[in-house]
Amino acid sequence: MEKGNLSVNSENILPIIKKWLYSDMDIFLRELISNGNDAVNKLKKLKMFGEADYDQGDDEFFVKVTLDETNKTITISDNGIGMTAEEIKQYINQIAFSGAGDFIEKYKDRISESDGSDIIGHFGLGFYSAFMVAGKVEIESLSYQTGAAPAHWVSDGGGEYELSEGTKTERGTDIILHVSDDAKEFLSEYKLKEIMRKYCSFMPVPVYFDKAGKEDEENTPINNSSPLWLKPPSECSDEQYKEFYHKVFTDFEDPLFWIHLNMDYPFRLQGILYFPKLKNRYETLEGQVKLYCNQVFVADNVKEVIPEFLLLLNGVMDCPDIPLNVSRSFLQNDGNVAKMSSYITRKVADKLNSLYKTDRDDYCNYWNDIHVFIKYGCIKNKDFYEKIADSVIYKTINDEYKTLGDFKGDKEDYTLYYVSEPAIQSQYVNLFKESGQDAAVLDHHIDSPFISHVESYGSNVKFKRIDSDITESLRDGNRDENPSIIELFKEGLSNDKLKIETMNLKNEDIPAMIVISEESRRMKELSKMYAGGGMDFPLEEKLVLNTNNNLVKLLDGFKDKPENKEDVELIINQIYDMARICQRPLEPSEMTSFIERSTQILGMLAKSKLD
């Protein structure tokens, strides 16, 4: 039996790194700037340990990106720890040897877990992302160590390199990328600044951009090295929260409110989640939660860390303990990830419950904007629903806000009527108001799955749309059975399959109403949702005639007069369509017939009056 060590041929591995390691080419700039950030942080720690001495103050540390369009180069510079020739051999020539990991291991007795978390690179591959855009890469470096000689390294990425004495006179490192022809898009000031703002806007070390021959006179860093989420909530004003929101998410509207996350154990997580104001109820509900690791942007909307329903919000979260893979684009499996998600869910629920209890008026004012987030969360996350259930409110037809408990009172079982289209169902709404009944307004497309979720969760509440039946409070005494008027309407409508019943309603002005079975309507909605409209599920529609209405009484008196048959049929069809209009819009052809009949009836009325 033979044992040995596997070897890696750099000639073969570099093309793989270049093409497959990272998901986006522009990540090369993030990796190299992150390396510069690490170099500065290492030097700061050595100073803290008493092993380094330097004159510059913290404010003078930097990472700088310089574009030279004439020579087709991009240079990433830092004034951090620097490297000797021996260190270049160790950290650069050995692919996947992590200088960051080696540094932390060397000083593990003096670096706590939290202190070491700001050293970003742990995989030893970030430098080689330079070959994604460069045909040749140079390193000019001078170590912080007294008496160290500058070093110069160069490679074309083919597996060979040259190492010689360099010319650098100031401590730090310059990475010079000779951009290849197939990556010339990166020789653009706009492109580089766009990448830097995306990945480095909050990096701990000041990051600058310079253009050869056109130095930035103001010398202003592109990043804010002390973002708002790092501060204690007690030190942040409302104006600061709003200003940060406008800048990061380019939204001119103020957020409704926000949640400042700050956790140290069992994992570290900081951030701010904003509840945005919707411009209209049809606006696309797509939020943006930016995930950072040690103030370096990783990705948007990482579902493993951020509960899916909170992706409707806007926010930033910094997770130093997040278990990234080599490319930092995806997460590795880790128990802390699920804990982070649970913690965020609990914090959001706590904030909403607190608002409901202590600022009920504001909470009700926010409801039209936040109810979609909350309902979506209830559907998607069982834990969230259990925590927030008593704070879910419903807007009523009387412009009040009630919980299920407010509606139910002491009743063990309760039927809650609701309105899905207030304008179309206005007749039913008015009847409810006249009878002293209340109903909830549930007019968003998320409400249909939401009420099914609430019903299935053992709340002892049954939801019924306001036009699903005629409640006892709308009736005037017992039901008035009148088979003859039912038969008259079936003949006049030429529809013997239509379900018709008669009833005494308190409101005498309404001749007829349409009611539709709640169960059949929901089944039809489900068939459209899941079968793409392919299955035509029949609706159980019923016409209710009001025997207290004078027009219905008049028609009942004409049922035995054949000479009036055409006029009776005209009025019957008009009554039926009027009832349908109060329930849903008519089809174009049906509306045309309705208008024609309206004109005929007006003509009959005018003639009788004029004659």
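If you read the sequence from its start, that first residue is 1, and numbering goes on from there.
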Separation of [Y] [atom2] from [X] [atom1] (nearest 0.5 Å):
X: L142; Y: D174; atom1: CG; atom2: CG; answer: 10.5 Å
X: L192; Y: I74; atom1: CG; atom2: CD1; answer: 4.5 Å
X: K47; Y: I81; atom1: NZ; atom2: CD1; answer: 14.0 Å
X: I195; Y: S188; atom1: CD1; atom2: OG; answer: 9.0 Å
X: K347; Y: N262; atom1: NZ; atom2: CG; answer: 8.5 Å
X: I139; Y: I92; atom1: CD1; atom2: CD1; answer: 4.0 Å

Could you walk me through whether F257 and F275 pass ring-ring contact (aromatic ring centres under 6.0 Å, His included), step by step?
CA-CA 6 Å; F257 57 93; F275 281 73; 4.4 Å; yes
Using atom types as modelled and distance alone, determine if a side-chain donor or acceptor of [X] lies under 3.5 Å from a backbone N or O of [Y].
X: N79; Y: G172; result: no
X: T345; Y: S341; result: yes
X: S141; Y: M83; result: yes
X: N353; Y: A349; result: yes
X: N223; Y: M203; result: yes
X: Y241; Y: P255; result: no
X: R171; Y: G80; result: yes
X: H260; Y: K231; result: yes
X: D300; Y: Q288; result: no
X: E87; Y: T84; result: yes

Check whether any side-chain heavy atom of [X] sits under 4.5 Å from a side-chain heavy atom of [Y], and report yes or no.
X: L269; Y: C319; value: yes
X: K375; Y: D447; value: yes
X: V316; Y: Y245; value: no
X: T75; Y: K64; value: no
X: K351; Y: W258; value: no
X: K211; Y: E69; value: yes
X: D78; Y: V205; value: no
X: V296; Y: S34; value: yes

What is the minimum heavy-atom distance between [X] and [Y], and which atoms define it?
X: I222; Y: C200; result: CD1-O, 4.0 Å
X: I175; Y: T173; result: CD1-CG2, 3.8 Å
X: D369; Y: P276; result: CB-O, 4.4 Å
X: V248; Y: K290; result: CG1-CE, 3.9 Å
X: F249; Y: G315; result: CZ-N, 3.2 Å
X: N37; Y: P204; result: OD1-CD, 3.4 Å

Pair I76-L29, side chain to side chain contact (heavy atoms under 4.5 Å, CB included): steps then yes or no
CA-CA 8 Å; I76 298 88; L29 199 55; 4.1 Å; yes
Stepwise side chain to side chain donor-acceptor pair (under 3.5 Å) test for T66 and D210
CA-CA 5 Å; T66 303; D210 281 336; 4.6 Å; no
Quick check on the 6.0 Å ring-centre criterion: do F127 and W153 meet it?
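Ring centroids of F127 and W153 are less than 6.0 Å from each other.
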Is the distance between the ring centroids of F450 and H444 under 6.0 Å?
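Centroid distance H444-F450: not below 6.0 Å, so no.
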Atom [atom1] of [X]: over 12 foreign heavy atoms under 6.0 Å:
X: D390; atom1: CG; answer: no
X: K242; atom1: NZ; answer: yes
X: E243; atom1: CD; answer: no

Mind checking whether F28 and F186 have parallel, tilted or perpendicular rings, split at 30° and 60°?
perpendicular
Quick one about [Y] and [X] (side-chain donor to acceptor, distance below 3.5 Å, no hydrogens or angles considered), yes or no?
X: E308; Y: Y376; value: yes
X: H246; Y: D254; value: yes
X: Y199; Y: D26; value: yes
X: H178; Y: E138; value: yes

Show your reasoning for whether side chain to side chain contact (heavy atoms under 4.5 Å, CB included) applies to F209 and L67.
CA-CA 8 Å; F209 176 85; L67 171 64; 4.0 Å; yes
Run Y363 and I370 through side chain to side chain contact (heavy atoms under 4.5 Å, CB included) and show every step you take.
CA-CA 9 Å; Y363 186 77; I370 67 173; 4.3 Å; yes
Inspect the contact between K277 and E253 and indicate whether a charged nitrogen and a carboxylate oxygen are less than 4.0 angstrom apart.
no
Might you work through the side chain to side chain contact (heavy atoms under 4.5 Å, CB included) test for L177 and L32, ending with a clear yes or no?
CA-CA 11 Å; L177 313 183; L32 296 177; 3.9 Å; yes
For the pair F244 and F202, evaluate ring-ring contact (aromatic ring centres under 6.0 Å, His included) and give the outcome as yes or no after the intermediate values.
CA-CA 12 Å; F244 183 80; F202 303 106; 5.6 Å; yes
